[in-house]
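First the structure, in the form of structure tokens, and then the observations on it.
Sequence positions, counted from 1, serve as the residue numbers for this chain. What you see is a predicted model; the values in this text were computed from it and never measured.
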Amino acid sequence: RNFNGIMTLSPRIPADKELARYHPDLEAELCECLADLRHNAMLFDLETEPDLVEQRIYERRALQGRYHYLIGEARRLGLRTILRPERYAE
């Protein structure tokens, strides 16, 4: 049988509904986005050139937009996982 794209071993063994909700790619994208936001904040704090400060601000806005999109996708899929800082630390 096939349950939301997940094959079961036997028709007598029910599909694991939690496994069907697991999306490792989405989790990896969220972790990467959070790491990118941290990296951007660090570079913003170190920047002294006015034009490059402005570039860091635009980059941060783009990363925040990506993060909000990914969070929305996670909510749409019913995911309720808390990401711990050590999972996405550089």
Side-chain angles (χ1 to χ4, degrees):
R1 261 201 230 165
N2 191 341
F3 179 78
N4 288 341
I6 300 202
M7 297 296 290
T8 58
L9 299 175
S10 166
R12 294 173 293 187
I13 300 173
D16 185 353
K17 291 181 182 180
E18 282 298 310
L19 183 60
R21 289 178 30 179
Y22 180 59
H23 297 275
D25 293 339
L26 182 59
E27 181 182 0
E29 281 190 67
L30 273 165
C31 289
E32 180 184 338
C33 188
L34 288 170
D36 289 346
L37 280 164
R38 274 188 35 195
H39 187 249
N40 174 270
M42 180 192 69
L43 291 175
F44 177 83
D45 290 341
L46 297 173
E47 200 57 69
T48 58
E49 187 67 35
D51 288 338
L52 294 178
V53 168
E54 187 175 344
Q55 183 268 333
R56 296 288 173 210
I57 293 169
Y58 285 123
E59 182 180 22
R60 179 161 182 82
R61 288 181 184 160
L63 288 168
Q64 287 173 332
R66 179 175 167 220
Y67 177 75
H68 288 293
Y69 167 76
L70 293 171
I71 289 293
E73 283 296 298
R75 286 184 182 146
R76 185 182 64 77
L77 294 168
L79 304 178
R80 303 274 188 255
T81 302
I82 296 172
L83 296 173
R84 290 181 291 252
E86 65 272 8
R87 300 274 322 260
Y88 61 90
E90 295 175 346

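- Met42 and Ile57 fall into different hydrophobic clusters, where Ile, Leu, Val, Met, Phe, Trp and Tyr side chains are chained together by heavy-atom contacts under 4.5 Å.
- Residues Arg60 and Ala41 come closest through the heavy atom pair NH1-CB, 4.5 Å.
- Here the closest non-hydrogen pair linking Cys33 and Leu63 is SG-O, 3.5 Å.
- Among the candidates Glu27, Glu29, Glu32, the single residue satisfying the side chain to side chain contact (heavy atoms under 4.5 Å, CB included) test with Leu70 is Glu29.
- Rounded to the nearest 0.5 Å, atoms CD (Gln55) and CG (Asn40) are 8.0 Å apart.
- A distance of 11.5 Å separates CG of Leu30 from CG of Asp25, quoted to the nearest 0.5 Å.
- Considering CG of Leu52 and CG of Leu46, their distance stands at 12.0 Å, rounded to 0.5 Å.
- Separating the CG atom in Asp51 from the CZ atom in Arg56 is a distance of 12.5 Å, to the nearest 0.5 Å.
- Once rounded to the nearest 0.5 Å, the distance linking CZ of Phe44 with CD of Glu47 reads 9.5 Å.
- With a 4.5 Å cut-off on side-chain heavy atoms, Leu43 and Glu59 do not count as touching.
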